[in-house]
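Below is one structure, written out as structure tokens; the observations come after it.
Quick caveat: nothing in here was measured; it's all calculated off a predicted structure. Within every chain, numbering begins at 1; the chains are lettered A, B, ... in the order of the sequence lines, protein sequences first and strands thereafter.
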Amino acid sequence: MSTAYNPETVELEAQKHWSDARSFEVGEDAGKDKFYCLTMFPYPSGKLHMGHVRVLTISDVIARFQRMQGKHVMQPMGWDAFGMPAENAAIKNKVPPAKWTYANIKEMRAQMDRLGYAYDWSREIATCDPKYYRWEQWLFTRMFEKGLVYRKNSIVNWDPVDQTVLANEQVIDGRGWRSDALVERREIPQWFMKITAYADELLEELERMPGWPDSVKTMQKNWIGRSEGVELTFDVADEDEPLTVFTTRPDTLYGVTYMAVAAEHPLAEKAAATNPDVAAFVEECKQTDAAEATLETMEKKGMALGINVIHPLTGEEVPLWVANFVLMSYGTGAVMAVPGHDERDWEFAKKHGLPIKQVIAPADGSEIDIDEAVYIDKGVTVNSGDYDGLDYQSAFDAIADWFEENGRGRRTVNYRLRDWGVSRQRYWGAPIPIIYCDDCDAVPVPEDDLPVVLPEDVEFTGHGSPLNDMPEFVNVKCPNCGKDARRETDTFDTFVESSWYFARYACPDSESAMLDERAAYWMPVDQYTGGVEHAILHLLYSRFFQRVMRDEGLTDVSEPFTNLLTQGMVLKDGAKMSKNKGNVVDPQELIAKYGADTVRLFMMFAAPPEQALEWSDDGVQGSFRFLKRYWNAVQDHMAGGPAPDLPASALDAGPKELRRKTHQSIAKIGDDLGRRYTFNTAVAASMELINAVTRFDDKSDAGRAVVHEALEAVTLMLSPIVPHICHALWAQLGNETALVDERWPVLDESALEADLVEIVVQVNGKLRGRVSVAADADNDAIASQALQDSNVQRFVEGKEVRKTIVVPGRLVNIVV
RNA sequence: GCCGGGGUGGCGGAACUGGUAGACGCGCCGGAUUCAAAAUCCGGUUUCCGAAAGGAAGUGAGGGUUCGAUUCCCUCCUCCGGCACCA
């Protein structure tokens with residue numbers, strides 16, 4: 001049957017086969033080698049965009065490839081269904097967030113099916129389902145009992161006009177996105193999870209994660225930011241409470257010429273109460289959003305508080321400043337300033353005319369001028385009283401010892417990592433299961449009363465959470481004492497849902513426990529794929545949650561993701577696709593025009609997965625053209641009737657060459673798909689093989705047999721990427737089995753052997769010729785043959801050969 | 001500002017462990033087919049000099065190590081991601 005390639009017919013038929021045969025639904029089979037292949041689940045924003053198509057296709061290729069290696073593959077899909085866009089849509093369209101979200105899920109699931117992804121839909125999860133979020137509410141109450149959650153004040157962006165808390169994203173140039181009012185920092189009580197209790201474990205385990213990219217591990221390591229130092233207390237003149245600071249450089253203590261606190265620090269607020277200038281400055285510091293990037297790029301400003309701090313070793317008084325770059329959320333909210341040996345302190349001192357003292361000298365004895373340039377290297381102490389002449393470690397120990405012996409401080413470890421604030425003042429999230437009682441304080445909702453179900457039928461105004469206006473939700477009895485009490489109306493950060501969904505896919509229907517024994521079979525995830533933008537937050541929170549679940553006895557697994565692949569963004573005209581920029585390409589239109597296989601192929605071919613992918617309409621057409629060529633190659637071949645078997649006797653040069661290409665391709669593509677994850681080069685190699693078949697015109701039995709072998713091999717090897725067309729062509733090649741159940745082609749090592757190899761000849765590192773030598777020639781034979789090349793002779797003639805380097809199988813470099 | 005990643009023909013990219021820079025594809029140029037166009041097929045395509053053989057230059061910029069550097073080291077430029085309430 002010779003027909004033109006019709007993607008839609010081919011694709012719907014293949015999809016029907018997979019669906020009828022339930023090809024991708026898997027149970028737990030202890031006798032089989034499991035492979036859990038997972039993509040970071042999407043937010044149901046409406047329709048799939050190209051970024052989704054890219055990550056979903058990458059993961060699908062890996063899943064299908066592993067299945068062909070004989071693995072028992074599970075690839076689930078679900079929805080990160082809570083989040084702000086549903087609330088924004090609710091305000092705009094007057095649709096309840098739940099309704100909007102479920103409609104989006106329905107549409108996006110249909111699009112995924114049309115793209116032919118190998119999902120086990122029986123495991124589908126939507127995080128806004130109470131059957132899902134009840135378990136994170138339950139885990140939160142368990143953490144509460146263990147002291148792993150606590151409540152404290154923390155800073156949010158406050159929109160003074162809309163009277164609402166804004167996300168960082170909703171602050172544009174320091175102003176609220178709807179009201180355009182200047183945003184303020186404001187402190188409100190919020191719930192925190194003690195991720196810092198796991199800081200050391202999260203850090204140390206990074207050393208034993210070979211399946212993660214080094215870049216991600218480095219980012220997490222720096223984010224955790226473990227540093228060993230000393231906590232020092234400074235007495236404050238006319239104050240009872242001392243000021244505590246953390247430093248990694250106690251060796252520079254004699255260089256302290258001032259101290260600084262954050263605007264929210266109690267000492268700054270105390271000074272503000274009596275000094276209007278300070279009060280104005282503190283207010284000014286708060287007129288900004290809470291993002292760290294904002295604070296770090298702001299002009300460094302400060303003001304003396306009129307308070308003096310007493311240097312613990314010299315007894316001298318140094319001034320205390322309030323500064324906008326000191327973060328209340330990091331350390332103690334106070335720092336000691338050593339302008340001679342800290343870059344930021346130096347610049348601040350220069351600007352405000354504060355003294356700069358040199359207390360460290362270069363170890364090599366060279367002279368420096370501390371007024372001209374800051375000196376931040378470790379060296380030898382000078383101008384440091386009894387502690388002069390010590391190297392960094394000796395000075396560190398001597399000064400740390402003094403503080404510990406005198407009860408004025410202690411050696412300690414500090415982390416940049418902060419505890420995870422999980423409270424959100426939003427409606428569309430999982431309710432935090434807490435009840436506030438005047439007598440009993442904050443009481444966790446008892447297990448029997450879980451889940452705390454989020455009311456889904458709501459009026460949405462946009463002024464704060466509708467939960468606050470729902471007495472039937474808020475007014476409850478205290479579970480402890482039975483008196484009237486109030487329910488928490490804050491909801492969880494949506495990162496809470498995404499921190500454990502991967503484990504729940506193993507047992508999505510479990511009603512008796514968060515996880516059951518099926519999770520022991522499937523966890524950890526063997527291959528996790530998602531955007532680099534999640535390198536820190538999502539992945540670190542997930543590693544933390546997995547450990548909390550472990551310590552709750554739910555699993556033995558500590559690390560949730562064995563191998564991690566971070567894929568790049570999809571760009572058009574050099575920019576991320578977005579509605580604002582008007583550079584969005586809709587996958588739906590392309591599927592209608594070219595079919596799902598073309599879209600999948602282009603995505604895999606255009607760039608390696610980690611890199612950003614530049615969209616190209618022409619490139620998509622090229623992919624479509626290739627599929628037509630591939631289709632036609634099979635039609636042409638099969639038009640000659642059923643293919644004969646490979647002859648047992650030796651092949652002539654032509655068929656032998658094609659057969660070598662076939663088996664080189666099997667080795668190359670298997671390596672690209674299985675180890676390197678360079679899908680682009682796997683596609684290129686497939687194209688080369690099909691080009692070789694197209695050029696090959698030996699219609700003898702032996703010729704047709706090697707062509708048939710090549711076409712079957714390429715059909716198997718392309719099937720993870722373009723499964724539909726391969727499904728159809730596999731049948732056309734005369735196979736009665738379904739391609740989805742086939743194994744990867746077997747490599748015949750003997751077919752790779754060649755008699756002659758081409759060697760490149762260089763003279764002084766420049767390419768001067770090529771010679772063909774026997775594959776088993778020794779180095780001397782290769783070198784002498786290289787010297788005989790006429791063009792090589794031109795450059796060697798009359799010169800002395802100083803050295804000859806032979807790289808077997810590759811090149812000869814003659815140095816004259 | 002801090003942390004991480006990138007920069008190679010007209011374009012997307014390849015070169016995996018220091019060993020032929022530009023595989024594969026797009027675009028473009030020429031040809032075939034066609035009444036014509038689309039589609040398809042064949043050939044060419046880093047730049048400069050040259051009819052060709054061949055030569056010279058060339059992987060963001062500058063320096064270094066090496067017989068040999070896109071690859072390793074140093075300095076700088078630039079773009080992208082993250083910075084804790086976008087997901």
Where the side chain of [X] is concerned, which of [options] is the nearest nucleotide?
X	options	answer
Met569(A)	A87(B), G81(B), C24(B)	G81(B)
Phe795(A)	G1(B), C16(B), G55(B)	G55(B)
Arg810(A)	A87(B), U40(B), U20(B)	U20(B)
Asn680(A)	G13(B), A23(B), G81(B)	G13(B)
Met219(A)	C3(B), U20(B), G13(B)	C3(B)
Ala167(A)	C86(B), C41(B), A15(B)	C86(B)
Ala293(A)	C16(B), G81(B), C83(B)	C83(B)
Leu811(A)	G4(B), A87(B), U20(B)	U20(B)
Ala606(A)	U20(B), G1(B), G12(B)	G12(B)
Leu537(A)	C83(B), G4(B), C24(B)	C83(B)

query: Can you find a donor-acceptor pair, distance only, under 3.5 Å between Arg675(A) side chain and C16(B) base?
result: yes

- prompt: Do the numbers put Lys766(A) on top of the ring of Phe795(A), so that NZ or CZ is under 6.0 Å from the six-membered ring centre and no more than 45° off the axis?
  reply: no

message: Does Arg185(A) qualify as a cation-pi partner of Trp158(A), given the criterion of NZ or CZ under 6.0 Å from the six-membered ring centre and within 45 degrees of its axis?
response: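 Not satisfied by the 6.0 Å and 45° rule.
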
Rounded interatomic separation in angstrom, taking [atom1] from [X] and [atom2] from [N]:
X	N	atom1	atom2	answer
Arg416(A)	G4(B)	CZ	C1'	12 Å
Leu540(A)	G82(B)	CG	P	16 Å
Gln220(A)	C3(B)	CD	P	17 Å
Trp615(A)	C26(B)	CH2	P	15 Å

- request: Answer syn or anti for G9(B), where the cut-off is 90° from 0 on the glycosidic torsion.
  value: syn

query: Does Lys217(A) come within less than 4.0 Å of Asp214(A), counting only side-chain N to carboxylate O?
result: yes

Hunt down the Watson-Crick or G-U wobble partner of [N], both distances under 3.5 Å, from any strand shown, or write none.
N	value
U34(B)	none
A39(B)	none
C72(B)	G64(B)
G7(B)	C77(B)
G1(B)	C83(B)
A51(B)	none
G27(B)	U45(B)

Is the distance between the ring centroids of [X] and [Y] less than 6.0 Å?
X	Y	result
Phe602(A)	Trp615(A)	yes
Tyr528(A)	Trp212(A)	no
Phe82(A)	Tyr43(A)	no
Phe41(A)	Tyr501(A)	yes

Taking [M] as the reference, what is the distance to [N] when you measure between their [atom1] atoms (whole Å, please)?
N	M	atom1	answer
G55(B)	U65(B)	P	27 Å
C76(B)	G44(B)	C1'	40 Å
G9(B)	G5(B)	C1'	24 Å
U17(B)	U71(B)	P	14 Å
U40(B)	G25(B)	P	14 Å
A37(B)	G31(B)	P	12 Å
A21(B)	G68(B)	P	14 Å
C11(B)	G62(B)	C1'	28 Å

So what does [X] hit on the nucleic acid, given a heavy-atom distance under 4.0 Å: a base, only sugar-phosphate, or nothing?
X	answer
Asp672(A)	nothing
Trp223(A)	base
Arg344(A)	nothing
Phe626(A)	nothing
Glu292(A)	base
Ala291(A)	sugar-phosphate
His534(A)	base
Tyr43(A)	sugar-phosphate
Lys217(A)	nothing
Pro608(A)	sugar-phosphate

Within the pair [X] and [N], is there a side-chain N or O less than 4.0 Å away from OP1 or OP2?
X	N	result
Asn813(A)	U66(B)	no
Arg625(A)	C26(B)	yes
Asn791(A)	A53(B)	no
Asn222(A)	G82(B)	no
Lys572(A)	G12(B)	no
Gln611(A)	G13(B)	yes
Lys628(A)	U40(B)	yes
Arg768(A)	G55(B)	yes

So [X] and [Y], would you call those rings parallel, tilted or perpendicular, with 30° and 60° as cut-offs?
X	Y	value
Phe325(A)	Phe348(A)	perpendicular
Phe545(A)	Trp420(A)	perpendicular
His538(A)	His534(A)	perpendicular

- request: Tell me which of Val532(A) and Leu613(A) sits closer to the 5' end of RNA chain B, going by the nucleotide each one is nearest to.
  value: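 Its nearest nucleotide lies further toward 5', so the answer is Leu613(A).
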
task: Between Val683(A) and Ser215(A), name the one whose nearest nucleotide on RNA chain B is closer to the 5' end.
output: Ser215(A)

